[in-house]
Amino acid sequence: MSAPRKLHIKSYGCQMNVYDAQRMVDTLAPEGFIETADAADADLVILNTCHIREKASEKVYSELGRLREAKDEAARHGRKVTIAVAGCVAQAEGAEIIRRAPVVDVVVGPQSYHHLPQLLARARQEGRALETEFPEDDKFNFLPAPKPAAIRARGVSSFVTVQEGCDKFCTFCVVPYTRGMETSRPVERIIDDVMRLADNGVREITLIGQNVNAFHGDGPDGTTWSLGRLLHRLAAIPGIARLRYSTSHPRDVDDSLIAAHRDLPEVMPFVHLPVQSGSDRILAAMNRKHTADDYRRVIDRFRSVSEDIAFSSDFIVGFPGETEEDFRATLALVTQIGYAGAYSFKYSPRPGTPAADMQEMVATAVMDERLARLQNLIDSQQSAFNKAAVGRTVDVLFERAARNEGQIVGRTAYLQPAHVMASPDIIGQVLPVRIDSLERYSLLGTIATPAAAARNAPPLTATATTGA
Ligand code: SAH
Ligand code: SF4
Ligand code: F3S
């Protein structure tokens, strides 16, 4: 057998790209590829791109510039390096990439990753290969499952795609064009994946999808299952300690999902629920199909079943036509909800989306100023939330050795990193930790005895702060 070829994947964007990168590695493993963390050492470099905001695709072209030099240098030493572009920029701008970047050998859209071996062969024969049509065959039926050794190397927490694509067409967003129509995977396939992961040491599963709670997979009983029902089933799989899901949409929160939070200790009380804006006028222009009050009511439904539940969100500032009054409505919503954290972005017009044709652009300076005000408010909420953990005993799932000698790092239910001095034997375990202090975003603590854990402090809720 020939020497293994080396593969390096650089992923941008969302969790689905991280998951897809692993699927690409698993697809290319039978072709003799092994993964390397060093791009300079690779025979095949895949850029797994994101198209969500302007800078995302600019980054791809500047990265391709650097790769061209590396490829030329390798060629001078008689070594051929193949460059592939995958992900959402590949899907949206595949033909342009081929035109603009001769360094690229293969362009592959997110629905065609199972065709990667054939595309590489085609590029070898014909020089270059492009596939961005949505194929007839469903990639999930062909992507190979990861090998036990690969699962173990990836750690105790794993993503599993259950839903992909989006039919919601928010006016600012490229996802419906890059990931295609919303589809859900069959329940049995997901159960098989989670059982295989659990058998190989995975303790935490994050179910992912562009609108993960729009999940409506074919169940083994011939009915269509909701995300809530799926969570109930997965919680019963031995070894699975924690379940999460992301990203959810406020319009798709049904009673079964709320019930999962009420009934299943495995379902973590931390929900990423993007709202984008607190202004009904802007929400309508964004085609979100919900009002700020609809969103508040969804939050209340979660809170009514779980008092320790916390939320994070996404916001866009400077959507076309956004006035100071609209923006204040966003600040008011954030103040009222009280987040454990949130992402906020300046609006970026995306080619081909309806909002890109809207006339009333908000000036960049105004966007910058609004972004800073919103981020200040969110930061103050996040640090209040993190500070509230100090002095409490909380459950931590331990993931790996930390950079500091002797320390092991894990995460709380709210994804806060928590460090303790302990033996690496605790990796993979959920243990009560008494939180002694907070350093930046990290909690420092000591493992508590079960008795101390039983005297657990009152529930942790996000403290709303005013300001901005
Ligand atoms: N499916 C998720 C969001 C996916 S995109 C949802 O519906 O909530 C992740 C985030 O990127 C979005 O929540 C939004 O805040 C941001 N985003 C998307 N398009 C954007 C654009 N054109 N400009 C700025 N931010 C954008
Ligand atoms: Fe984009 Fe809206 Fe779909 Fe989210 S719901 S992926 S923001 S179109
Ligand atoms: Fe980016 Fe595509 Fe994810 S545009 S955010 S990589 S779905």
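Quick note: numbers below take in every heavy atom, side chains included, and nothing from hydrogens, waters or symmetry partners. For the single chain, residues carry numbers from 1 onward in sequence order. Computed from a predicted model, the values in this text were never measured in an experiment. Order of appearance sets the numbers: ligands from 1, and atoms from 1 within every ligand.
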Practice item. Considering only protein heavy atoms, determine whether one is less than 4.0 Å from atom 9 (C) of ligand 1. Key: yes
**Study point:** Tyr339-Phe311 aromatic ring centre distance below 6.0 Å
**Key:** no
Check your understanding: Taking only heavy atoms of Gln210, which atoms of ligand 1 are found under 4.0 Å from at least one of them?
Key -> 1 (N), 2 (C)
Practice item. May I ask you to decide whether Lys71 forms a salt bridge with Asp105, counting only side-chain N to carboxylate O separations under 4.0 Å? Key: yes
**Study point:** Centroid-centroid distance, Tyr414 to Phe385, less than 6.0 Å
**Key:** yes
Practice item. Please report which non-hydrogen protein atom sits nearest to atom 1 (Fe) of ligand 2, along with the residue it belongs to and the distance in Å to one decimal place. Key: Cys173 SG, 2.3 Å
**Study point:** Aromatic Tyr113 / basic Arg23 pairing, under 6.0 angstrom, 45° off normal
**Key:** no
Exercise for review: Would you mind checking which non-hydrogen protein atom is closest to atom 8 (S) of ligand 2, with the distance to 0.1 Å?
Suggested key: Cys170 N, 3.2 Å
Check your understanding: What atoms in ligand 1 come closer than 4.0 Å to a heavy atom of Asp314?
Key -> 9 (C), 10 (C), 12 (C), 13 (O), 15 (O)
Exercise for review: Could you tell me the separation between the CE atom of Met16 and the CG atom of Asp20, rounded to the nearest 0.5 Å?
Suggested key: 6.5 Å
Check your understanding: Does NZ or CZ of Arg100 lie under 6.0 Å from the centre of the six-membered ring of Tyr61, at an angle within 45° of the ring axis?
Key -> yes
Practice item. Give a yes or no on whether a salt bridge exists between Asp357 and Arg350, defined as a side-chain N under 4.0 angstrom from a carboxylate O. Key: no
Practice item. Show which atoms of ligand 1 fall inside a sub-4.0 Å distance from at least one heavy-atom site of Pro274. Key: 8 (O)
Review point. Which of the atoms of ligand 2 are close to Phe172, meaning less than 4.0 Å from one of its heavy atoms?
Key: 7 (S)
Review point. Passes ring-ring contact (aromatic ring centres under 6.0 Å, His included), Tyr245 versus His261? Steps please.
Key: CA-CA 12 Å; Tyr245 57 89; His261 280 275; 5.7 Å; yes
Review point. Does NZ or CZ of Arg297 come closer than 6.0 Å to the centre of the six-membered ring of Tyr295, within 45° of the ring's axis?
Key: no
Study note, to complete from the structure: Under 4.0 Å between heavy atoms, the region of Phe172 that gets near ligand 1 turns out to be both
**Study point:** Protein heavy-atom partner closest to atom 3 (Fe) of ligand 2 - residue, atom, separation in Å
**Key:** Cys166 SG, 2.2 Å
Practice item. Identify which of Lys168, Arg53, His249 has a heavy atom lying nearest to atom 17 (N) of ligand 1. Key: Arg53
Exercise for review: Give the residue and atom name of whichever protein heavy atom lies nearest to atom 2 (Fe) of ligand 3, and the separation in Å to one decimal.
Suggested key: Cys88 SG, 2.2 Å
Check your understanding: Can you tell me which residue and heavy atom of the protein come closest to atom 1 (Fe) of ligand 3, and the distance to 0.1 Å?
Key -> Cys50 SG, 2.4 Å
Exercise for review: Pull out every atom of ligand 3 sitting under 4.0 Å from any heavy atom of Asn17, numbered as shown with elements.
Suggested key: 6 (S)
Exercise for review: Report yes or no: does a heavy atom of Val175 sit under 4.0 Å from some atom of ligand 1?
Suggested key: no
Review point. So, Glu324 and Arg373, do they make that salt bridge, N to O below 4.0 Å?
Key: yes
**Study point:** atom 21 (C) of ligand 1: the protein heavy-atom neighbour that sits closest, reported with distance to 0.1 Å
**Key:** Ser348 O, 3.6 Å
Review point. Which one of Arg350, Lys346, His51, Arg288 has a non-hydrogen atom at the shortest distance from atom 6 (C) of ligand 1?
Key: Arg288
Exercise for review: Mark up the atoms of ligand 1 that fall under 4.0 Å of a heavy atom belonging to Tyr347, in ascending order.
Suggested key: 23 (N), 24 (C)
Practice item. Within a distance under 4.0 Å of any heavy atom of Pro176, pick out the atoms of ligand 2 and give their elements. Key: 8 (S)
